[in-house]
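Here's the structure we're looking at; comments come further down.
Every chain is numbered from 1 and lettered A, B, ... according to where its sequence line falls, protein lines coming before strand lines. Computed over heavy atoms, backbone and side chain alike; hydrogens, waters and symmetry mates excluded.
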Amino acid sequence: MRTLDRILVVLLLSMVGFAVVFVAHPPAPKYFPLERAWHVVQPGEGPGMGWYGRSGAALVAGAILAGIAWAVTGRKSFLDRRGFSTRTVSAITVIVMATMLLLTVVVVHEQKSWFAIPARPLDSLKPDRVEPEKTPLDVGPNGA
Amino acid sequence: MQPVAFEHIDKPLLFVHLIAGITCVAASVHLLLRAMRAYQHPGRYTGQTRLHAVILAGAYLSSVVLGGLIYPTFRIHVRYLLFDPAIPWATGLFEIKELLATVGVIPILGIVAFSRHLDARVPEHRPFFPMYLGLIGFTLLVVLFNACCGWYLGTIRSL
């Protein structure tokens with residue numbers, strides 16, 4: 001088994017592991033920036049951020065599977081085997097590409113509800129930042 | 001409202017995030033063209049593809065990490081106060097951008113690994129080129145989409 005075959009196996013397994021955890025979306029810590037705290041179960045104060053936990057969980061799953069794949073394919077019994085045939089390489093290529101495409105579709109599908117909510121006029125919102133008081137330079141000598 | 005994490009240095013972080021994003025787009029375009037030429041002309045462009053792959057990976061991972069650091073400030077001052085209540089489609093666009101950036105991490109590492117070992121002069125290596133080019137193509141689409149989204153959302157409101 002060549003180094004390129006090992007990379008291919010590692011890529012395949014890490015991508016599949018990443019995809020499974022990413023799509024399954026298991027409970028992961030959420031960060032609450034106003035509170036500066038992480039919570040897994042109970043809701044925190046203010047808006048939460050699930051991106052860190054979800055991304056971290058999926059990447060850790062991919063890294064674990066990559067490490068296992070690299071270790072297993074590095075054993076002598078695997079290294080002595082013949083390299084993958086062109087057909088096998090092509091099949092793995094198709095699976096990895098399809099996984100990436102599937103993840104893209106899942107991401108877009110998950111967020112489509114945001115696009116269904118009608119936008120509101122901006123002037124209906126409360127100002128989030130207090131405008132600084134005008135200085136004499138802003139006002140000008142004639143008070144304009 | 002008390003400051004959120006990294007709010008005091010959000011502008012410098014955003015600037016480096018921007019530079020890293022521009023580098024990602026440039027490096028991925030260069031890498032795709034060089035990798036295609038390396039396949040067509042075995043023995044040439046190999047060193048350049050390795051260099052571009054490393055630059056792309058460094059810029060991409062930096063961009064993701066920096067984006068993660070400025071995200072809390074963005075989450076409060078832009079998303080929470082403006083995007084979520086008033087222009088929810090902007091939140092949708094931003095979420096797609098963030099999640100796609102995560103999806104692109106493993107392909108980036110695959111690109112670096114392949115670029116260090118692939119040699120188009122070796123006949124047994126040539127079947128691996130579709131995978132290599134596919135990973136680069138996917139990355140290029142992700143960074144192009146993210147760069148365009150980041151720029152457009154920044155025109156609505158930035159940090």
Side-chain angles (χ1 to χ4, degrees), chain A residues 2-5 7-8 10-11 14-15 17-19 22 31 33-34 36 46-49 51-52 54-56 58-59 62-63 66 83-90 92-94 96-97 100-101 103-104 106-108 110-122 124-126 128-129, chain B residues 1-2 4-5 7 64 67-68 71-107 109-110 113-114 116-119 122 124-132 134-135 137-138 141-142 145:
Chain A
R2 303 158 293 188
T3 305
L4 284 173
D5 296 322
I7 293 173
L8 204 63
V10 167
L11 189 62
S14 59
M15 205 68 218
F18 174 90
F22 190 84
Y31 181 66
L34 287 180
R36 289 190 173 205
M49 301 168 68
W51 177 75
Y52 298 112
R54 185 182 189 185
S55 301
L59 287 172
F84 287 148
S85 65
T86 302
R87 186 175 290 181
T88 308
V89 172
S90 302
I92 294 176
T93 301
V94 169
V96 171
M97 295 296 148
M100 293 192 302
L101 186 66
L103 285 171
T104 306
V106 166
V107 165
V108 175
E110 280 179 353
Q111 304 303 325
K112 71 176 184 182
S113 59
W114 286 106
F115 297 90
I117 305 170
R120 283 171 51 196
L122 295 183
S124 66
L125 296 173
K126 290 179 184 172
D128 60 295
R129 292 177 201 268
Chain B
M1 189 183 290
Q2 67 169 13
V4 295
E7 188 176 356
V64 171
Y71 191 16
T73 312
F74 181 88
R75 178 72 179 91
I76 298 301
H77 290 296
V78 180
R79 230 191 100 177
Y80 179 58
L81 292 174
L82 179 71
F83 285 2
D84 289 1
I87 31 180
W89 58 263
T91 292
L93 212 53
F94 176 78
E95 283 287 300
I96 292 173
K97 169 184 177 291
E98 290 299 282
L99 292 170
L100 279 184
T102 308
V103 172
V105 169
I106 291 178
L109 300 177
F114 276 122
R116 299 196 74 77
H117 293 95
L118 265 182
D119 187 346
V122 183
E124 293 82 32
H125 287 196
R126 292 180 74 80
F128 291 88
F129 265 85
M131 169 70 97
Y132 184 45
L135 293 174
F138 177 78
L141 291 176
V142 167
F145 176 81

For [X], is it the side chain, the backbone, both or neither that has a heavy atom under 4.5 Å from a heavy atom of chain A?
X: B/Leu109; answer: neither
X: B/Phe138; answer: side chain
X: B/Arg79; answer: side chain

Distance, nearest 0.5 Å, that separates [atom1] of [X] from [atom2] of [Y]:
X: A/Glu110; Y: B/Ile96; atom1: CD; atom2: CD1; value: 10.0 Å
X: A/Phe18; Y: B/Ile106; atom1: CZ; atom2: CD1; value: 5.5 Å
X: B/Met131; Y: A/Ile92; atom1: CE; atom2: CD1; value: 7.0 Å
X: A/Thr3; Y: B/His117; atom1: OG1; atom2: NE2; value: 5.0 Å
X: A/Phe22; Y: B/Thr102; atom1: CZ; atom2: OG1; value: 6.0 Å
X: B/Ile76; Y: A/Leu34; atom1: CD1; atom2: CG; value: 3.5 Å

Partner chain A: residue of [options] with the largest heavy-atom pair count (under 4.5 Å):
options: B/Ile87, B/Val103, B/Leu141, B/Leu100; result: B/Val103
options: B/Leu135, B/Val105, B/Val142; result: B/Leu135
options: B/Gly110, B/Pro130, B/Gly137, B/Pro127; result: B/Pro127

Leading residue by heavy atom contact count with chain B [cutoff under 4.5 Å; candidates A/Thr86, A/Leu101, A/Ile7]: A/Ile7

Do B/Leu93 and A/Gln111 come close enough that some side-chain heavy atom pair is under 4.5 Å?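 They are not in side-chain contact.
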
Side chain, backbone, both or neither: which part of [X] has an atom under 4.5 Å from a heavy atom of chain B?
X: A/Ser55; result: both
X: A/Ile117; result: both
X: A/Met100; result: both

Which pair of non-hydrogen atoms, one from [X] and one from [Y], has the smallest distance, and what is that distance?
X: B/Gly92; Y: A/Phe115; result: C-CZ, 3.7 Å
X: A/Tyr31; Y: B/Ala5; result: OH-CB, 3.8 Å
X: B/Phe114; Y: A/Leu11; result: CE1-CD2, 3.8 Å
X: A/Val89; Y: B/Phe128; result: CG2-CZ, 3.8 Å

Using the ring of each side chain (for Trp, its six-membered ring), is B/Tyr71 parallel, tilted or perpendicular to A/Trp51, with breaks at 30° and 60°? perpendicular

Near A/Arg36 CZ, under 6.0 Å, is it more than 12 heavy atoms from other residues, nucleotides or ligands? yes

Answer yes or no: is there a donor N or O on one side and an acceptor on the other, between the side chain of B/Arg75 and the main chain of A/Pro33, under 3.5 Å?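 The answer is no, because no donor-acceptor pair under 3.5 Å joins these two groups.
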
When you measure from the side chain of A/Tyr52 to the backbone N and O of B/Gly68, does any donor-acceptor pair fall under 3.5 Å?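 Checking the backbone N and O of B/Gly68 against the side chain of A/Tyr52, a donor-acceptor pair under 3.5 Å is found.
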
Decide side chain to side chain contact (heavy atoms under 4.5 Å, CB included) for B/Glu124 and A/Leu4; before the verdict, give the C-alpha distance in whole Å, the side-chain angles of both, and the deciding distance to 0.1 Å. CA-CA 10 Å; B/Glu124 293 82 32; A/Leu4 284 173; over 6 Å; no

